[in-house]
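To find a chain, count down the sequence lines: A is the first, B the second, and so on, and within it residues start at 1. Computed from a predicted model, the values in this text were never measured in an experiment.
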Amino acid sequence: MEKVTVKQLFRDADPYAGQEVHLNGWVRNNRDQKAFGFIALNDGTHFNQVQVVYEREFLPGYDNIARIGVGSAISVTGILELTPGARQPFEIKAKKVTLEGPSAEDYPIQPKRHSREFLREVAHLRPRTNLFTAVFRVRSLLAYAVHQFFQEKGFICLHAPIITANDAEGAGELFRVTTLDPQHPPLKDDGTVDYSSDFFGKKTNLTVSGQLEAEAFALAFKDVYTFGPTFRAENSNTPRHAAEFWMIEPEIAFAELVDNMNLAEEMVKYMIEYLMQNAPTEMEFFNQFVDKGLQERLQQIAAAEFARISYTDAIEALKKANQKFEYPVEWGKDLQTEHERYLTEKVFKKPVFVTDYPQEIKAFYMRLNDDMKTVAAMDLLVPGVGEIIGGSQREERIEILQERMADFKIKADELKWYLDLRSYGGVKHAGYGLGFERAIMYFTGVSNIRDVIPFPRTVNSCDF
RNA sequence: UCCUCAGUAGCUCAAUGGCAGAGCGACCGGCUGUUAACCGGUAGGUUGUAGGUUCGAGUCCUACCUGGGGAGCCA
């Protein structure tokens, strides 16, 4: 008797034909008739269920097996029979079924459709459903694909700090990290909170980006990336924002904006191809039940060149557009969601890099172009999801960086170490941030970020 | 934070201001191959919360809570 997984059997059942096998798993469905019954068994190793057939004639505890509820954990010993022509390629004729862990009658996951909203309320049980078993297997595979992509290229992975004293990253509201008593914080003479007696002796926050630290490593290892959690305390209530999410941030030295875009494009295509090859069952499921045109679209994207357009040209294209926008199109103003959607969904109908934005609307570290008006920034917009990548060539010229920091009212002494990188062997370098969850949304068609994070944290919601 | 829609059985939903219902699920029974099986039966409700209008409120009004969608912020 061999202990096998459902994955092994679906990969190749032939060697097991007629053999006795042993399986563990959870009951997805159980229906009995007078003389026999069927259990759909999922053991977590594969998207599909294996069908277990049990017959009254051969199993003394038939009535007890027939009463095993959905969600119960069982172990099964039986003979594998190939069933060509049936809806499933094989099934297990049970010789013994043992109830390992019963499931109560009020088990919330039923063999029927549930709304995503309801399943979010039972996030501890939803990975047992078809949709979420597919989503989270894909999430795991994609994480692996990201590491593989960069490691194959010789990139060094660095774990950027989660707690940071950088107050100047400028990417949104911060979560404060403190051990001070919020009821009675120590006060200075002027009545303000005395952070010098806090754990780190200063104000600290959860990171909003590992970029600055990645730059330091890029100027030692040349090509590096971070892949870790990121925290934003924004009061954002949208299907695309979470307070805790994961970002992939490569940083490459001796490189310009075009190298940056080439890397981003290659990475996105690699991720798609990896999924097509390693999660065909899940991708087929998404294509059929989540987003009808998904697979065809992804195949086209993997094959086609991404569009590239400068911000200035994009503004011209939008002005000429035969469409009314709620927000006016004007050089110097940031692109609104409706503008981004128009560009990627109507003009190009594929991913598009928008580059060289006005310096006023972008971050201080982005490299000033020769026109002295725009910076070497790039956003990757994709149909349906919007911005999934934001990046830039970094300002390597210390004088200009100092000027820009002054413009943004960032104190130089807080980022002295960052300026040091320009003083000691500073060189052209670039990088970007990919929102991991947004990529998953884009590749699966799942339209709410709360459904691609195992236990999502959003404004007013931190359950589980 | 702003705009908008919604909240009725475990789930998905119906009910003209006039007796609160169906399908699925659960439970009980039937059925010789099911595939979200099928057929019959049983149980299951403070209609999100608090006020108000009315002879009478699931339905109308006010506030709040929760959730969805859109906007802003952004990845």
query: Does the distance from a Lys or Arg side-chain N to an Asp or Glu carboxylate O, for A:D379 and A:K362, drop under 4.0 Å?
result: yes
message: Walk me through whether A:Y274 and A:F149 qualify under ring-ring contact (aromatic ring centres under 6.0 Å, His included).
response: CA-CA 10 Å; A:Y274 189 90; A:F149 172 77; over 10 Å; no
query: Has the side chain of A:E117 got a donor or acceptor that lies under 3.5 Å from a partner of the other kind on the base of B:G7?
result: no
message: Tell me whether A:R404 forms a cation-pi arrangement with A:F364, defined as NZ or CZ under 6.0 Å from the six-membered ring centre and within 45 degrees of its axis.
response: no
message: From CD1 of A:I109 over to P of B:A26, roughly how many Å is that when rounded to an integer?
response: 13 Å
message: Between A:E266 and A:K153, does any side-chain N to carboxylate O distance fall below 4.0 Å?
response: yes
- request: Starting at atom CZ of A:R139, determine the distance to atom C1' of B:A75, rounded to an integer number of angstrom.
  value: 13 Å
query: Expressed in whole Å, how much space separates the C1' atoms belonging to B:A36 and B:A14?
result: 22 Å
message: Would you measure the distance from the P atom in B:G18 across to the matching atom in B:A26 and give it in whole Å?
response: 35 Å
Derivation of the ring-ring contact (aromatic ring centres under 6.0 Å, His included) call for A:F90 and A:F10: CA-CA 9 Å; A:F90 55 85; A:F10 271 97; 4.9 Å; yes
query: What do you reckon, are the aromatic ring centroids of A:F436 and A:F227 less than 6.0 Å apart?
result: yes
task: Using the P atom on both, measure B:G40 against B:U49 and round to a whole Å.
output: 35 Å
field: Selection from B:A26, B:U34, B:G23 that lies nearest to any side-chain heavy atom of A:K112
entry: B:G23
field: Any N/O donor-acceptor pair, A:K93 side-chain to B:G33 base, under 3.5 Å
entry: yes
message: So if I take every side-chain heavy atom of A:Q88 and compare against B:U34, B:U12, B:G72, which nucleotide ends up nearest?
response: B:U34
- request: From the options B:U34, B:G69, B:A75, select the nucleotide whose nearest atom is closest to the side chain of A:R450.
  value: B:G69
query: So, the side chain of A:H114 versus the backbone of A:Q110: is there a donor-acceptor pair under 3.5 Å, distance only?
result: yes
query: Counting any heavy atom closer than 4.0 Å, what does A:E91 reach on the DNA or RNA strands: base, sugar-phosphate only, or nothing?
result: base
field: Separation of the P atoms in B:G52 and B:C11, to the nearest angstrom
entry: 30 Å
query: How far does the P atom of B:C31 sit from the matching atom of B:C39, given to the nearest Å?
result: 16 Å
query: What would the secondary structure line of RNA chain B be in dot-bracket form, counting Watson-Crick and G-U wobble pairs under 3.5 Å, with [ ] for pairs that cross earlier ones and | for pairs with another strand?
result: (((((((..((((....[..)))).(((((.......))))).....(((((..]....))))))))))))....
task: Tell me, yes or no, whether the heavy-atom count around A:K350 atom NZ, taken from other residues, nucleotides or ligands under 6.0 Å, exceeds 12.
output: yes
task: Tell me what A:T230 touches on the nucleic acid: a base, only sugar-phosphate, or nothing, going by heavy atoms under 4.0 Å.
output: nothing
query: Side-chain N or O of A:N237 less than 4.0 angstrom from OP1 or OP2 on B:A71?
result: no
field: Between P of B:C74 and CD of A:E340, the distance in whole Å
entry: 10 Å
- prompt: A:F245 side chain: which of B:A26, B:A75, B:G72 is closest?
  reply: B:A75
- prompt: Parallel under 30°, tilted from 30 to 60°, perpendicular over 60°: which one fits the rings of A:F455 and A:F464?
  reply: tilted
field: Interatomic distance, A:R126 CZ vs B:G10 P [rounded to whole Å]
entry: 22 Å
query: For the side chain of A:R232, counting heavy atoms from C-beta on, which of B:A75, B:U1, B:U66 is nearest?
result: B:A75
query: Of the nucleotides B:A26, B:U1, B:G10, which one has an atom closest to the side chain of A:N235?
result: B:U1
- request: Calculate the interatomic distance between A:N460 atom CG and B:G67 atom C1'; express it in whole Å.
  value: 12 Å
message: Please determine whether any donor N or O and acceptor N or O are separated by less than 3.5 Å between the side chain of A:H241 and the base of B:C74.
response: yes
query: Taking atom P in both B:C13 and B:U4, what distance in whole Å separates the two?
result: 23 Å
- request: Please state whether the base of B:C74 and the side chain of A:S236 form at least one donor-acceptor pair under 3.5 Å?
  value: no
- request: Look at the side chain of A:T337 and decide which nucleotide, out of B:A75, B:C74, B:U34, has an atom nearest to it.
  value: B:C74
- prompt: Do A:Y54 and A:F36 have ring centres separated by under 6.0 Å?
  reply: no
- line: Assert: residue with more 5' nearest nucleotide on RNA chain B, out of A:E55 and A:E105, is A:E105
message: If I take atom CG in residue A:D451 and atom C1' in nucleotide B:G67, what distance separates them, rounded to the nearest angstrom?
response: 13 Å
query: How is A:P108 classified with respect to the nucleic acid when contacts are heavy atoms under 4.0 Å: base, sugar-phosphate, or nothing?
result: nothing
task: Look at all strands and tell whether A:A439 reaches a base, only sugar-phosphate, or nothing, counting heavy atoms closer than 4.0 Å.
output: nothing
- prompt: In residues 30-41 of chain A, which residues come under 4.0 Å of RNA chain B by heavy atom?
  reply: A:R31, A:D32, A:Q33, A:K34, A:F36, A:F38
query: Do we get A:K269 above A:F306's six-membered ring, with its NZ or CZ under 6.0 Å from the centre and within 45° of the axis?
result: yes
query: Are A:K319 and A:W331 in a cation-pi setup, meaning NZ or CZ lies under 6.0 angstrom from the ring centre and within 45 degrees of the ring axis?
result: no
field: Test item: A:R457 side-chain N/O and A:D463 main-chain N/O as donor-acceptor pair under 3.5 Å
entry: yes
Shortest side-chain distance from A:R438, nucleotide among B:A26, B:A75, B:U66: B:A75
Same-atom distance (P) from B:A71 to B:G56, integer angstrom: 45 Å
task: Would you indicate which nucleotide in B:A36, B:C27, B:U66 comes nearest to any side-chain atom of A:R113?
output: B:A36
query: In whole Å, what is the span from the CG atom of A:L119 to the C1' atom of B:G68?
result: 15 Å
- request: Sticking with atom C1', work out how far B:G7 lies from B:G58, rounded to a whole angstrom.
  value: 11 Å
message: Rounded to whole Å, how long is the line connecting atom CG of A:D334 with atom P of B:C74?
response: 7 Å
task: Select from A:I449 and A:Y327 the residue whose nearest nucleotide in RNA chain B is closer to the 5' end of that strand.
output: A:Y327
message: Less than 4.0 angstrom between a side-chain N/O of A:Q51 and OP1 or OP2 of B:U34, yes or no?
response: no
